[in-house]
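So the structure is just underneath, and the comments pick up after that.
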Amino acid sequence: MADFTPIATQEELDRIIQDRLSRQKESIEKQYADYETLKAEKQELETKAAALQATIEETSTSAKVHEQTLADLNAKIAGYETANLRTRIALQNGLPFDLADRLVGTDEDSIKADAERLALFVKPKASAPPLKNTEPNLGEDKNSNWRQMASQLTGEGE
């Protein structure tokens, strides 16, 4: 430690401290030289993250809407299939088309059972027997007048 010289004046002390502060400042500036670029990159990444978050929320909302639409359409299809099943079962059991929507049940077997019970109450109308033809024969053959007279005499023409 032979090189040590004591500090005698304030200017010397200020100069030594100034040198030390300058070296410290250079060291810190070197250590944090890329601070501005990192700050800019951080801001850019935060912006991208916010945009991606907005996209995620949009996509999530859109997916929920599509799922709800899909569920509604599946429910509508199930309703159409049930109506078709009721109509088919009603016609198989001789029920009028208008009564098909009155059939109740959750599956084919329960709807068939209900249709069979309802068919017992709804009896088909007996068809009327065919009526006798009361129209006179206006044929053009030469014996048609004789036939008409004979049928009137026998009582069949009345």
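One-based numbering along the sequence shown. Note that the structure is predicted; figures quoted are calculated from it, not measured.
Residues Leu85 and Ile111 share a closest heavy-atom pair of CD2-CD1, 3.8 Å. Nearest heavy-atom pair across Thr9 and Ile7 is O-CG2, 3.5 Å. Closest of all the heavy-atom pairs between Gly105 and Ser110 is CA-OG, 3.2 Å.
Taken to the nearest 0.5 Å, the OG atom of Ser60 stands 10.0 Å off from the CD atom of Gln53. One finds the CD atom of Gln18 at 11.0 Å from the CZ atom of Arg15 (value rounded to the nearest 0.5 Å). From Thr87, atom OG1 reaches atom CZ of Phe97 across 5.0 Å, with rounding to the nearest 0.5 Å. Distance CG/Asp109 to CG/Asp114: 12.5 Å, rounded to 0.5 Å. Rounded to the nearest 0.5 Å, atoms CG (Leu38) and CD (Glu41) are 5.5 Å apart. Rounding to the nearest 0.5 Å gives a distance of 12.5 Å between CD of Glu81 and CZ of Arg86.
Taking a cutoff of 4.0 Å between a charged side-chain nitrogen and a carboxylate oxygen, Glu108 and Lys112 qualify as a salt bridge. A salt bridge does not link Lys30 to Glu26: none of the charged side-chain nitrogens sits closer than 4.0 Å to a carboxylate oxygen. In summary, Arg23 and Asp19 do not engage in a salt bridge, as defined by a charged side-chain N under 4.0 Å from a carboxylate O.
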| request: Step by step, work out the side chain to side chain contact (heavy atoms under 4.5 Å, CB included) result for Lys64 and Thr61. | output: CA-CA 5 Å; Lys64 287 178 185 176; Thr61 303; 5.7 Å; no

| request: Could you walk me through whether Gln68 and Asp72 pass side chain to side chain contact (heavy atoms under 4.5 Å, CB included), step by step? | output: CA-CA 6 Å; Gln68 182 63 39; Asp72 292 344; 3.0 Å; yes

| salt bridge (charged side-chain N to carboxylate O under 4.0 Å, His left out) evaluation trace for Glu44 with Lys48 | CA-CA 6 Å; Glu44 183 182 333; Lys48 285 181 181 179; 3.4 Å; yes

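Without hydrogens or angle criteria, Ser62 side chain to Glu58 main chain gives no donor-acceptor distance under 3.5 Å.
Counting heavy atoms from C-beta on, the side chains of Lys42 and Leu45 never come closer than 4.5 Å. Looking at heavy atoms from C-beta onward, Leu103 lies in side-chain contact with Leu95 at the 4.5 angstrom threshold. Contact of the Asp14 side chain with the Gln10 side chain is registered, since non-hydrogen atoms from C-beta on lie closer than 4.5 Å.
Residue-environment remark: CZ (Arg102) stays at or below the threshold of 12 foreign heavy atoms within 6.0 Å.
Scored by the side chain to side chain contact (heavy atoms under 4.5 Å, CB included) test, Thr69 finds Val65, Leu73 as partners (sequence neighbours excluded).
Note on Ile89 and Tyr80: separate hydrophobic clusters, where clusters join Ile, Leu, Val, Met, Phe, Trp and Tyr whose side-chain heavy atoms are under 4.5 Å apart, directly or indirectly.
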